[in-house]
Structures are given as structure tokens and as C-alpha cells.
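Right, one structure below, let's go through it.
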Amino acid sequence: MNNPKPALLILEDGTRFEGLSFGYEGSTSGEVVFNTAMTGYPESLTDPSYEGQILVTTYPILGNYGVPPRREKDDVSEYYESSRIHCRAIVAQDYSWQHSHWQADRSLSEWLCEEKIPGIYGIDTRALTKHLRDKGSMLGKIIVEGAEDPGFYDPNKENLVAKVSCREVEYHGNGEKTVVLVDCGVKHNIIRCLTRRGVRVVLVPWDYDFNLIPYDGLFISNGPGNPDMVDTTVENIRKAMATGKPICGICMGNQLLSKAAGASTYKLKYGHRSHNQPVRQVGTDRCFITSQNHGFAVDSETLPPDWEPLFVNMNDGTNEGIRHKSLPYFSAQFHPEASSGPKDTEFLFDDFVKLL
């Protein structure tokens with residue numbers, strides 16, 4: 001066991017939580033959000049949708065199963081959701097300095113040190129989560145003893161999609177049908193889910209004009225931050241809608257497709273970040289348990305007449321997806337490709353590939 005240094009988590013409203021450091025012994029700041037998932041911290045840490053955020057885990061212990069083996073940068077076959085950690089820090093009630101799992105090749109703390117990401121434990125995460133649920137997501141900073149005060153950093157003032165998107169066109173899989181996948185912060189399991197269904201994926205940067213290349217269907221990925229910062233992608237989607245080719249969006253993709261259709265979005269009080277959000281398919285009694293990670297939502301009341309909600313959140317009634325009433329365009333606010341789960345809605349990939 002290490003000799004952890006004292007550390008502080010300070011919220012922008014002045015609330016302070018005292019804890020101990022693990023991982024990289026440095027200070028950081030960002031937007032403080034919470035996730036209610038019980039497993040999957042390697043997947044969550046590498047999810048680009050957490051760019052600029054300090055992640056609070058409500059499950060009481062981290063690190064008990066270590067971290068899977070390292071992988072090549074371009075490997076999308078397993079374990080992680082991108083090539084690096086995107087959270088600015090992680091917060092836990094307790095940290096296990098001893099890990100045990102047949103896949104683990106190092107500890108969570110060692111991995112955080114490698115990527116220079118601070119962690120803090122010994123925090124009453126129940127009290128912290130209740131505070132965030134009452135006040136809403138807010139900025140925060142972690143200060144490790146002996147390190148400088150980093151000040152507060154607001155990631156929502158930046159175009160986070162531009163920070164996490166690929167820089168060049170990439171190709172994945174083989175197949176007769178070609179799907180353009182717009183990388184707004186894509187999770188690797190979206191690529192896996194598409195290539196497993198026998199399509200060729202052309203991954204393009206967020207601001208790439210994909211209308212200049214031949215394709216059979218368009219897929220818009222998840223991503224971090226404010227959809228109002230991603231107008232270039234919205235304009236390209238709007239051009240694609242004139243072709244009638246199938247379009248599907250996930251998370252940020254739902255918001256960008258909605259904006260291209262003419263709807264508006266807004267920031268949620270504290271967002272949806274968990275693996276257990278109940279979602280109902282509109283017009284049916286079908287309800288699914290879903291994984292989610294977003295701070296903005298679509299205003300269903302602003303959808304044009306030829307569009308309609310496809311899914312609705314059963315906790316707060318917010319929009320969870322849209323569809324066109326006659327053309328092959330649909331989207332989901334949640335993650336049907338969820339890794340580490342649940343996989344209840346992965347059938348949406350089948351629906352999309354059938355449309356091709």
C-alpha cells in the first residue's frame with residue numbers, strides 16, 4: 001500500500017470534501033458529475049464523453065479488479081473505449097490498493113499515474129452525489145497536498161468535440177455496405193457493433209464533409225460537451241438528409257440530428273450518467289434499461305411536424321431519441337453499444353444495418 005497524500009475536492013459553491021490521493025499526485029479541475037454504474041471504470045475513464053469532467057463514482061469501491069492489459073493505439077477489439085483517459089480526475093468513497101482479476105496486468109492507481117490523472121478517495125460520495133442532485137452539476141477542483149491550486153475550469157466553454165475527434169479518416173472492417181461514422185468522440189464499441197454486422201466503417205473527423213464521398217448510411221457518434229459548438233457537423237448532416245440515405249445517431253448524435261432537423265437542445269440540471277436509466281419506446285409498453293452519459297438534451301416540443309420522439313426517459317420525461325415519420329432517420333440519446341453494459345438495446349444496430 002502507498003502512503004497517500006491528503007487531498008481536497010472543492011466545489012464552486014465552496015463545499016469542501018477531504019480525502020486521500022491515489023493515482024497521479026497532481027491537482028486538476030473540471031465539471032463534477034456522478035455515475036451510478038457498479039462496474040466498468042476502465043470503460044468510463046476512456047469514454048470521450050467525459051472529456052473535461054471530474055467523475056464521481058457512487059459505487060463505494062474502485063480498483064478492486066485492476067486494469068486490463070495495454071493495447072495498441074488503433075486496436076478497437078476489446079477492453080477500452082478510446083486510446084486514452086478522458087476524465088480529468090476520478091472520485092471514490094474507497095480505493096482498493098490490492099486488486100485481483102485474471103485479466104488485470106496493473107493497478108488502477110498505476111494506470112492513472114501513467115496518464116497523469118489524479119484520483120481521490122475517502123470522500124462521502126453519497127453526500128456529494130446528493131449535493132450535486134440538489135444543486136446540479138457544478139465546477140470543482142482537486143488539490144493534492146503540496147500541489148498548486150489549479151483554479152476552476154469550465155469545459156462547457158470549449159468545443160470539446162474538436163478535442164476528442166480523430167484527425168484523419170480511418171477505415172475499419174469489410175463489407176459490401178459502407179457506413180460513414182462521424183467521430184464526435186466515438187466510443188470504440190460503436191465501431192465494434194457496426195463491423196460485427198458486416199459493414200465497412202469509414203471514420204471521419206467531426207468537421208469532415210462526408211457528403212463528398214460515396215456511402216450507404218450515415219452514423220453520428222456520441223461525444224462530450226455542448227451540441228451548439230458543433231454547427232459544422234449539423235450543416236453536413238443537413239446536406240446528408242437531402243439524399244434520403246439512412247441516418248442514425250447516438251447521444252451527441254441524437255442532439256446533432258435533432259438540430260439538423262430544426263429542433264433545439266438545452267443543458268440538464270445534472271445530466272444522465274449511469275448504467276440503469278429506464279427508457280420507454282414511445283407508442284409502446286416496451287421499456288429498456290440503458291447506459292447514458294450526457295449533460296444536454298433535446299427539447300421534444302421543438303421537433304418539426306415530420307419528426308417525433310422515439311424514446312422517453314421514465315425518470316424525468318426527457319427526450320431519449322427521435323425519428324422521422326417517413327424517412328430512414330432515427331437516433332437514441334442513450335448508448336445501445338453500452339460497454340460494460342447493459343446490452344438491452346443493441347438491436348438498434350440491427351435496425352440500422354437492415355435499412356442499408
Side-chain angles (χ1 to χ4, degrees), residues 35-44 46-50 68 75-82 172-175 177-203 216-223 246-257 272-294 298 309-315 319-323 328-356:
N35 184 315
T36 61
M38 293 190 292
T39 61
Y41 55 77
E43 294 91 338
S44 292
T46 53
D47 180 352
S49 294
Y50 282 118
D75 176 22
V76 296
S77 60
E78 55 188 344
Y79 301 144
Y80 299 113
E81 289 306 300
S82 69
H172 301 272
N174 297 292
K177 299 295 185 181
T178 297
V179 172
V180 165
L181 175 55
V182 182
D183 183 5
C184 297
V186 67
K187 291 175 65 178
H188 280 169
N189 207 37
I190 292 177
I191 301 174
R192 300 179 198 121
C193 285
L194 288 170
T195 55
R196 278 203 304 267
R197 286 162 173 79
V199 301
R200 177 175 178 260
V201 173
V202 181
L203 186 71
D216 299 292
L218 174 64
F219 208 104
I220 313 150
S221 84
N222 64 291
I247 302 175
C248 181
I250 287 177
C251 195
M252 173 66 80
N254 175 56
Q255 297 162 21
L256 298 182
L257 180 61
H272 297 155
R273 296 176 180 89
S274 65
H275 288 196
N276 53 8
Q277 291 276 338
V279 166
R280 179 175 62 83
Q281 186 172 349
V282 175
T284 75
D285 292 327
R286 300 179 72 190
C287 197
F288 307 97
I289 300 302
T290 67
S291 174
Q292 303 195 18
N293 179 10
H294 61 101
V298 173
L310 179 56
F311 298 98
V312 62
N313 189 293
M314 297 302 289
N315 283 337
N319 177 271
E320 291 289 353
I322 65 169
R323 67 178 169 191
Y329 311 150
F330 72 96
S331 56
Q333 184 61 59
F334 51 87
H335 288 276
E337 87 294 346
S339 183
S340 56
K343 302 184 182 297
D344 300 35
T345 57
E346 196 175 308
F347 67 86
L348 292 176
F349 286 94
D350 297 318
D351 292 348
F352 173 70
V353 171
K354 287 175 185 175
L355 291 173
L356 302 180

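Here the structure is a predicted model, which is why all the values come from computation and not from measurement. Position 1 is the first residue of the sequence, and the numbers go up from there.
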In the structure I gave you, are the side-chain heavy atoms of [X] and [Y] within less than 4.5 Å of one another anywhere?
| X | Y | result |
| --- | --- | --- |
| Phe311 | Phe288 | yes |
| Phe219 | Ile250 | yes |
| Asp344 | Thr290 | no |
| Leu310 | Val282 | no |
| Met252 | Ser221 | no |

For Gln333 and Asn319, which I'm curious about, is there any donor-acceptor pair between the side chains at under 3.5 Å?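 No.
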Could you measure the distance from the [atom1] atom of [X] to the [atom2] atom of [Y]? Nearest 0.5 Å is fine.
| X | Y | atom1 | atom2 | value |
| --- | --- | --- | --- | --- |
| Asn254 | Glu320 | CG | CD | 8.0 Å |
| Thr46 | Glu81 | OG1 | CD | 5.5 Å |
| Thr178 | Asp216 | OG1 | CG | 5.5 Å |
| His172 | Leu194 | NE2 | CG | 10.5 Å |
| Ile220 | Cys251 | CD1 | SG | 12.0 Å |
| Arg273 | Thr36 | CZ | OG1 | 11.5 Å |

Checking [X] now: which residues fulfil side chain to side chain donor-acceptor pair (under 3.5 Å) with it, not counting sequence neighbours?
| X | result |
| --- | --- |
| Asp183 | none |
| Glu43 | none |
| Ser44 | none |
| Tyr41 | none |

Could you list the residues that satisfy side chain to side chain contact (heavy atoms under 4.5 Å, CB included) with [X], not counting sequence neighbours?
| X | value |
| --- | --- |
| Met314 | Pro278, Arg280, Cys287, Val312 |
| Thr39 | Tyr65, Ser340 |
| Pro68 | Pro42, Tyr79, Tyr80 |
| Ser49 | Asp47, Asn222, Asn293 |

Applying salt bridge (charged side-chain N to carboxylate O under 4.0 Å, His left out), name anything that partners Glu337, two or more places apart in sequence or on another chain.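 In terms of salt bridge (charged side-chain N to carboxylate O under 4.0 Å, His left out), with neighbours along the sequence ignored, Glu337 is linked to Lys187.
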Sequence neighbours excluded, which residues qualify as ring pair (Phe, Tyr, Trp, His ring centres under 6.0 Å) partners of His272?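 Testing His272 for ring pair (Phe, Tyr, Trp, His ring centres under 6.0 Å), a comparison that skips the adjacent residues, returns His294.
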Check: residues 346-353 side-chain donor-acceptor pairs under 3.5 Å, at least two apart:
from, atom 1, to, atom 2, distance (Å)
Glu346, OE2, Arg196, NH2, 3.3
Glu346, OE2, Arg197, NH2, 3.1
Asp350, OD1, Arg197, NE, 2.7

